[in-house]
Structure formats: C-alpha cells, structure tokens
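A, B, ... follow the sequence lines: proteins, then strands. Residue 1 opens every chain.
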Protein chains: 2
Amino acid sequence: MPHASRSSAPTRASHGSVLDDLGLRIADGVLAPGTVLTLAGLEEEYGVSRTVIREAVRVLEAKGMIESRRRIGVTITPMSRWSVLDPVLIRWRLSGSTRPQQIVALTELRLAIEPVAARLAAQRASELERAEIGRLAGLLKQLGDAGKGDSEEYLSADIAFHDRILEAGGNLMLTAIKQPIAEVITGRHNAGLTPAHPLHGALHNHVEAATAIVRGDADGAERHVRGYVETILAEVRAEQ
Amino acid sequence: MPHASRSSAPTRASHGSVLDDLGLRIADGVLAPGTVLTLAGLEEEYGVSRTVIREAVRVLEAKGMIESRRRIGVTITPMSRWSVLDPVLIRWRLSGSTRPQQIVALTELRLAIEPVAARLAAQRASELERAEIGRLAGLLKQLGDAGKGDSEEYLSADIAFHDRILEAGGNLMLTAIKQPIAEVITGRHNAGLTPAHPLHGALHNHVEAATAIVRGDADGAERHVRGYVETILAEVRAEQ
DNA sequence: TTCTTGCAATAAGTACGATCATTGTGGCAA
DNA sequence: TTGCCACAATGATCGTACTTATTGCAAGAA
C-alpha cells in the first residue's frame, strides 16, 4: 500500500518542501540505502506533479544521495557516495537522529581546516581583517571574563570570530564550512552547552590566535587555533 | 538576438549535457555573476524543452551558482555563494581557465585535511587498512627508486595511497575530497609534471607516514603527511 | 538441457501546452 | 511628490503524451 499523502492542504513552495522532506528522510536513514522508489509513487505520496518530483530527484541525484535508472526507479545510494560536504546535506544530517555523530565529524573537519585557515590568514589578511579579528578576540575575552559566555552577544561574536579567520585565509574552499560551523556553535549555545565562564585555556587560545594573526605569526596562529579546536573536539566527543 | 542553437542534432542525454555546459560556462566566468538569463532564452539556446532546462537550473541553484526569481529570471550568483566543495563544481573549475588557481586552492585544502586524516588513521585504521597503506608506501618507494615515478603504476599507487589514508581516517567528510585530489594528481601526471625520480624528501615522507600509521603513531603520521603535502603545495605554487 | 535471440512490459526521460502565482513597473489619482 | 492599483512578465506547477533504454521472460536453436 502506498503511503498516505503528506500534504492535505495544497502546499506552497512545492519544490522546496518536497526536496527538504525527501532529503531529511534519506539523510536520517528512514529511507535506507537500497530502497527503491518510483516517480509515480512519490508523485502520489506528496500529492504534487511530476515536474516537482523530478526536480527534487535531480537535486538529490546531484548530491549523490539517489540514483535514477530507467526501468528500475529511484534508488537510495550508499552513504559513501553522498556529497557529505554539501551544506544542505550537512543541515539535514544535523537535524536528524545522527546529529551527535555529525557534530563530532564536523568538529574533526574544523580541526583540519581552521588551523590552516588561520595560518593563511596570518600571511594574507588585510589590515582591516586583522583589526577586526583582534577586536572580536578582545570582545570575547571581555565577555568571557564578565561571565557572559552564554549570552547572545558572545555567541554572535564567537561566530563572527571564526568566520573572519576563515575568510581572511583567502581560500573559498576553506571558507565553505562557515555556515555549518555557525550552526553547530549556535546549536550548542541553544542547548546550554556553552558555560557562562568559558574554559580559561580556550579563551586564552582565542586571544593568542588573534594576536598571532595580527602580527603575522603563521605558526602561532595555527598552533593556537588548533589548541582551541582540540578543546572543542574533546568536549563534543565527551557529550556524545 | 538570442544565441544560436548549440545542438543542431537532437542531443542525447539532454539533461547532463545542458547541465555540464551551463555549469562550465558559469564556473569559468564566461557567464559572469550578475548575468540574467531566462528559461525561455535557455530553452531556445540549447534547443531542448523546458523540462530539461528547469532541471539543470534547479541543480545549479542547489549548488548556489544561480538564483531563480519570478518576474526577473535566472541570475548568476557571486562566487562567494557557490558550493565550492562540490565535486562536480570542482571538476568544472579544474577544466576551465582558472585551473591553476584551483589546483593551488585544492592543495591548500589537502594541507588541511590529509594530515588530520592521517592522524585519525593512525588511531583508528583496521589491521587490513594499515597493511595496505604500508604495502602501497613500499611500492611507491620501490617504483620511485627504480626511476618509475612517471609510470602509470606509480600514479595509481599514489592515488590509492592517498585514498586509503583518507578512508582509514573514518570520517566521511574528510574522505569527500578523494576524487578531486585524484584528478589533480592525474592531471599533473599527464602534464608530465611528476619526475621519474621523485624528490627524495617527499618519497621519504610517504614511507615514514605509512610507518607511523602502521604503528599507530598519530603525531608522526600527521607530521610526515603534512611534510609531503607542503612539498606538493610549494610545487604547485611555483608552477602557477 | 543450455544458450541465444527477440519480444513485451516497465519506468524514466523528454516534450509541450495550459494555467497559476508572484512581483516589478508604470500609470493614475490624491 | 507620494501612494495605490492594474498590468504584464516570468518562473512554478500541472497534466498528458510520446520516446527510449533496460530488463525479464519466453520461444527457439544448438
């Protein structure tokens, strides 16, 4: 028996919602790899036209999540072929049941990317960028010392700090993980996982990293950024 | 006057070829950010139906390369919003006029990812994976010493070596860059940029990295992998 | 029995025309 | 000048029809 229609009322923004729902279900494993669907079935299930289903399927296919073959249908592909760095896919996986593992995987990715971005930033950042990174580090320190590590202000300064470093690295491939990182930071903040008084070592590393970037010390920048990402990684691994 | 049709003969595999051509033109800057197209115009230009154009547009939209708005048309978005880690987009950029910059950017990404993957591999790899990595390093050494650094055999062993390390790291987000890396390695090989006698230091680093992974020495693995990626980075920067 | 060949069924791929929905723009009135 | 409103442009969705590739199965040959 086919699934019941998921949208009793005529849905707005069909493409987006179908894509999002399908993507979520696949990313979360509800539709396991190997599962075979048909366009006709999806058409009925979502109560939308062929066009909408096809476009959603094409997008998912472009992300490597499904494979469409004549005479067979639409097959969910094994996770090893997914474009796991795709921002949208990362969001889907962060909102599914595998969120904890995703956060660890993403933090490992941060451990790879951020120190190198910091090194490049120390070499390439403009004066404006250096000043801004220094300013943000000072703000973080000030807020942290004042016991406001769990405030909205700290959160936005934290995100901005990491964003500016990634940007100052001057390599778009390194800045590409900005958004997922911001989402993880925000998620941890909203879950109450960021203490009012940040760990002294981590805060110190932030300030030192900024100082190193400002004065063009590539080794120092890399080392201190690695230092605080390792702190975060230890935390998220412990939380799992 | 609209462009002449690009396909006089009724094209096979319409979706793929339209997507590829459009993606290439955007990635290469032939269609610059800000350029506005219309579905009708594309339909006529490629001589295919709306269905095909729409699906290609959706996929490019999912990659952040274009934005489709009613009453306006389809606009090429600024590069800062592209999903530059998308394997297909990387391939497009590697085959366009910006190939040299892409190779440098990708190698900087390797400098971030591979050492961390090697560290994780030293901690997590299975016995089978360790053995395979050791075997491949031995093969590379043997071929390199024999002056076969420019052979097909060396090329495939080199790619396999890097792939196995990324896989053994056990983090899909780190393995995601396998394919682009392989393409760059292959491209440099085919361009005659890999010498028959590989640089002694680089070869040594490969062997030492493998040894470190085999014996579970995370620091050593990370250090030696970073060593040879830095060598490669210096080379590709010099080639630019 | 076993292998090849061809037919038929299936489901995706492509095409087309109609209609809906949104939104920028220009005109008109206050 | 300002603000409201109607119009038109264009993507979004729909439904249908036709095309093509793939696969399974059956019939026939070896």
* Asked: To the nearest angstrom, how far is A/Y46 atom OH from D/dA12 atom P?
  -> 20 Å
* Structure fact -> To the nearest angstrom, the CG-P distance between B/L39 and D/dA9 comes to 16 Å
* So does B/S49 get a side-chain nitrogen or oxygen closer than 4.0 Å to the phosphate oxygens (OP1/OP2) of C/dA15? -> yes
* Asked: Start at the 5' end of DNA chain D and walk down; is the nucleotide closest to A/E43 or to B/T38 reached first?
  -> B/T38
* Asked: Any side-chain N or O of B/R58 less than 4.0 Å from the OP1 or OP2 oxygen of D/dT13?
  -> yes
* Atom pair distance, as rounded to whole Å: CZ in A/R54 and P in C/dA11 -> 15 Å
* **Proximity to the side chain of A/R70 - top-ranked nucleotide from C/dG24, D/dT20, D/dT23** => D/dT20
* Structure fact -> A/A27 and A/L89 have their tightest heavy-atom pair at CB-CD1, 4.0 Å
* Round to the nearest Å and state the distance from B/L42 atom CG to D/dT10 atom C1'. => 13 Å
* Compare the minimum distances between each of D/dA21, C/dT14, D/dA12 and the side chain of B/T51, then state the nucleotide with the smallest one. => C/dT14
* Which whole-number value in Å describes the distance from A/I66 CD1 to C/dA12 C1'? -> 12 Å
* **B/I72 or A/L37, whichever maps to the more 5' nucleotide of DNA chain C** => A/L37
* For B/Q101, does the CD atom sit with more than 12 other heavy atoms under 6.0 Å from it, leaving out its own atoms? -> yes
* Would you say the base of C/dA12 and the side-chain of A/R69 have a donor-acceptor pair closer than 3.5 Å? -> no
* Asked: Between B/E167 and B/K178, is the closest basic N to carboxylate O distance under 4.0 Å?
  -> yes
* Structure fact -> Side-chain contact check for B/R50: nearest option of C/dT14, C/dA18, D/dT23 is C/dA18
* Within this structure, what is the CD-to-C1' distance between B/E55 and C/dA15, rounded to whole angstrom? -> 11 Å
* A/I53 CD1 to D/dG15 C1': how many Å, rounded? -> 14 Å
* Asked: Out of C/dT10, D/dT13, C/dT14, which has the shortest distance to the side chain of A/R71?
  -> C/dT10
* May I have the distance from B/E67 (atom CD) to D/dA12 (atom P), rounded to whole angstrom? => 11 Å
* Asked: Is the shortest heavy-atom distance from the side chain of A/D158 to the side chain of A/H206 under 4.5 Å?
  -> yes
* Shortest non-hydrogen contact from B/T77 to B/G64? -> OG1-O, 2.6 Å
* Please tell me which of the listed nucleotides, D/dT22, C/dA12, C/dT14, lies nearest to the side chain of A/S68? => C/dA12
